[in-house]
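Computed from heavy atoms alone, side chains included, the values below leave out hydrogens, waters and symmetry copies. Letters go in sequence order (proteins before strands), and every chain restarts at 1. Since the model is a prediction, treat every value here as computed from it, not as a measurement.
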Amino acid sequence: HKGPYFAPLYEPLPDDVKFYYDGKPMKLNVATEEIATFYAKMLDHEYTTKEIFQNNFFHDWRKEMTSEERKKIKHLEKCDFKEMHKYFVDKNEARKALPKEEKQKLKEEADKIQEEYGYCILDGHREKIGNFKTEPPGLFRGRGDHPKMGMLKKRIMPEDVIINCSKDSKTPEPPSGHKWKEVRCDNTVTWLASWTENIQNSIKYIMLNPSSKLKVGVLFLVRPSVCHLIDPFYATVHVRVFKNLQLFMENKDPGDDLFDRLNTTVLNKHLQDLMDGLTAKVFRTYNASITLQEQLKALTNAEDNVAAKLLSYNRANRAVAILCNHQRATPKSFEKSMQNLQAKIDAKKEQLAEAQMELKRAKADLKAKKDVKSKAAVEKKKKLLEKIQEQLLKLNVQATDKEENKQIALGTSKLNYLDPRISVAWCKKFGVPIEKIYNKTQREKFAWAIDMADEDFEF
DNA sequence: AGTAAGACTTGGAAGAATCTTC
DNA sequence: GAAGATTCTTCCAAGTCTTACT
């Protein structure tokens with residue numbers, strides 16, 4: 001591989017885009033200006049209204065200022081980033097409004113970078129890298145009430161990066177004038193490059209795309225041996241769990257933590273002793289997959305049309321998501337898009353009524369004239385009516401699906417917990433095109449399953 | 001046995017691309 | 001054809017599990 005692709009260097013603002021302190025324009029040092037733009041870009045984000053975010057940002061920003069700047073800039077409230085903010089908003093819109101050819105050109109440039117840095121050779125095969133770019137500098141966006149939100153995330157330099165590649169491969173060249181922190185050849189790990197980020201002091205990695213050999217299959221292909229053991233395991237375990245619970249409770253007061261001695265480490269250790277490869281996660285995957293299979297069996301009706309079958313599929317998928325507790329907040333746009341859909345349904349109903357009337361008229365016409373032309377007209381109207389009926393049905397199914405899905409996130413279980421062969425088999429068995437349930441990325445990731453599973457596959 | 005560091009996976013949000021609708 | 005909605009993709013923080021260490 002060629003090592004990571006580094007975030008582009010900072011481009012100073014044009015002279016007419018000014019920063020104001022205490023109402024007066026102030027020219028900032030390039031490094032200071034760069035950090036200011038990180039904040040300016042986020043001005044209409046909720047983050048910048050939070051005190052912790054503001055304080056962390058201001059603290060880190062001042063650290064990077066020249067001593068003169070630091071002497072002057074003492075209060076965030078007196079900083080005016082609005083002009084900078086507007087500059088970036090405008091720039092963004094200008095980019096969106098670019099003519100087709102220009103956009104095409106930009107895309108080609110991006111593709112070239114992807115082509116050059118986005119792949120590596122693994123065991124003689126060309127594999128796609130998942131994240132081949134270093135994370136750009138910016139302000140840390142911790143979730144919830146993260147105490148470090150707003151802190152400066154520093155620019156990653158080649159000197160921060162450890163390269164991992166095989167001994168017989170060509171070592172990637174660092175950008176000119178730079179060198180790598182280290183080059184090593186460790187074939188016991190999967191990462192290609194790594195660096196330590198400055199906020200939490202944790203390590204970030206460049207790794208392969210989910211479609212690559214390294215990422216695929218390990219869980220699902222090795223698992224069957226584990227899974228057929230899980231069934232009898234469950235059967236005996238719940239008796240024992242009950243007894244153990246009683247034991248746990250005997251020596252405890254009602255307020256005590258029941259599981260003070262049971263943490264995931266202990267649990268995993270125990271499971272590991274029972275069988276190699278058995279961890280708590282395997283149970284979650286097993287439960288998810290077996291549930292999907294059962295639900296699909298129970299819900300799918302072979303006589304249904306594709307739309308109705310898809311509703312059944314989504315319902316089975318939802319049962320899994322509920323089991324895994326993949327809940328989400330109802331999307332902000334939910335009400336509105338539901339109303340839109342309802343309006344569509346109403347419009348379709350009117351169309352339907354209209355089509356019924358027209359068919360009636362055409363039939364009457366045929367009765368009166370009994371000629372070839374009006375017979376053809378009747379047929380045509382019949383066809384139209386059927387088409388509209390089908391469309392209406394589809395819309396209704398869509399509405400049901402949407403409503404049932406509003407507080408449930410399907411993505412994670414679909415991507416990480418469900419054996420794709422179950423879905424592939426289902427598609428083949430019921431004649432549903434695979435594109436209806438997996439988009440392009442998902443099809444890439446599950447290519448192995450699409451190839452191998454036939455309609456009789458059982459988990 | 002407990003803890004910290006390292007490796008790898010997961011989850012959800014933001015941004016980009018595409019589709020719809022007027 | 002542009003504005004808005006929807007879907008896809010990328011990004012990256014945070015979670016889980018493993019390994020190393022004391």
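- Atom CD in A:Glu93 sits roughly 13 Å away from atom P in B:dA16 (whole-Å rounding).
- Distance from the side chain of A:Asn439 is smallest for C:dC8 among the nucleotides C:dT6, B:dA7, C:dC8.
- In this structure, the ring of A:His326 has its center less than 6.0 angstrom from the ring center of A:Tyr417.
- Atom CH2 of A:Trp191 and atom P of C:dT19 are 16 Å apart (whole Å).
- Taking the nucleotide of DNA chain C with the nearest heavy atom to each of A:Gln200 and A:Asn340, the more 5' of the two is matched to A:Asn340.
- At the heavy-atom level, A:Phe140 lies under 4.0 Å from the strands shown only through sugar-phosphate atoms.
- At least one side-chain heavy atom of A:Glu197 sits less than 4.5 Å from a side-chain heavy atom of A:Ser202.
- Regarding contacts with the backbone of B:dA17, every side-chain N or O of A:Lys107 stays at 4.0 angstrom or more from both OP1 and OP2.
- Put simply, A:His146 has a side-chain N or O that comes within less than 4.0 Å of OP1 or OP2 on C:dA14.
- One can place OH of A:Tyr205 at 18 Å from C1' of C:dC11, the figure rounded to the nearest angstrom.
- Summarising the geometry, the separation between NZ on A:Lys414 and P on B:dG12 is reported as 16 Å, rounded to the nearest angstrom.
- The separation between A:Arg141 atom CZ and C:dT10 atom C1' is 13 Å, rounded to whole Å.
- Both A:Arg143 and A:Lys96 lie close to DNA chain B; mapped to their nearest nucleotides by heavy-atom distance, the more 5′-ward contact belongs to A:Arg143.
- At a non-hydrogen distance threshold of 4.0 Å, A:Lys402 from residues 392-408 of chain A come into contact with DNA chain C.
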Hey, mind stepping through A:Arg126 and A:Glu115 against salt bridge (charged side-chain N to carboxylate O under 4.0 Å, His left out) and telling me if it holds? CA-CA 11 Å; A:Arg126 191 161 182 263; A:Glu115 194 60 28; 2.8 Å; yes
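- Other residues, nucleotides and ligands contribute over 12 non-hydrogen atoms within 6.0 Å of the NE2 atom of A:His178.
- Each of A:Ala409 and A:Thr188 was assigned the nucleotide of DNA chain B with the nearest heavy atom; the assignment lying further toward the 5' end belongs to A:Thr188.
- A:Glu435 has its CD atom 15 Å from the C1' atom of C:dC8, to the nearest Å.
- B:dA16 atom P lies 11 Å from atom NZ of A:Lys133, rounded to whole Å.
- A close approach under 4.0 Å does not occur between any side-chain nitrogen or oxygen of A:Asn416 and OP1 or OP2 of B:dT9.
- Between A:Thr441 and C:dT9 there is a side-chain N or O to OP1 or OP2 distance below 4.0 Å.
- Remark: aromatic rings of A:Phe132 and A:His1 are distant, center separation not under 6.0 Å.
- Counting non-hydrogen atoms under 4.0 angstrom, A:Lys344 reaches the backbone sugars and phosphates but no base.
- Side-chain nitrogen and oxygen atoms of A:Lys440 include at least one within less than 4.0 Å of the OP1 or OP2 phosphate oxygen of C:dT9.
- Contact check, A:Ser337 against C:dT6: a side-chain N or O comes under 4.0 Å of OP1 or OP2.
- Between A:His45 and B:dA14 there is a side-chain polar atom (N or O) within less than 4.0 angstrom of OP1 or OP2.
- Remark: A:Glu182 engages A:Ile162, A:Arg184 in a side chain to side chain contact (heavy atoms under 4.5 Å, CB included) (not counting sequence neighbours).
- When the side chain to side chain contact (heavy atoms under 4.5 Å, CB included) test is applied to A:Ala36, the partners found at least two apart in sequence or on another chain are A:Leu28, A:Trp61, A:Phe81, A:Met84.
- When each of A:Met338 and A:Glu135 is assigned the nucleotide of DNA chain C bearing its nearest heavy atom, the one mapping closer to the 5' terminus is A:Met338.
- Among the heavy atoms of the strands lying under 4.0 Å from A:Lys336 are primed sugar atoms or P, OP1, OP2 only; no base atom is included.
- Following rounding to the nearest Å, A:Met207 (CE) and B:dC8 (C1') show an atom-to-atom distance of 5 Å.
- Contacts of A:Lys153 with the nucleic acid, taken as non-hydrogen atoms under 4.0 Å apart, involve only primed sugar atoms and P, OP1 or OP2.
- A cation-pi arrangement is found for A:Lys2 relative to A:Tyr117, the charged atom lying closer than 6.0 Å to the ring centre and inside a 45° cone about the ring normal.
- Around atom NZ of A:Lys50, more than 12 heavy atoms belonging to other residues, nucleotides or ligands sit under 6.0 Å away.
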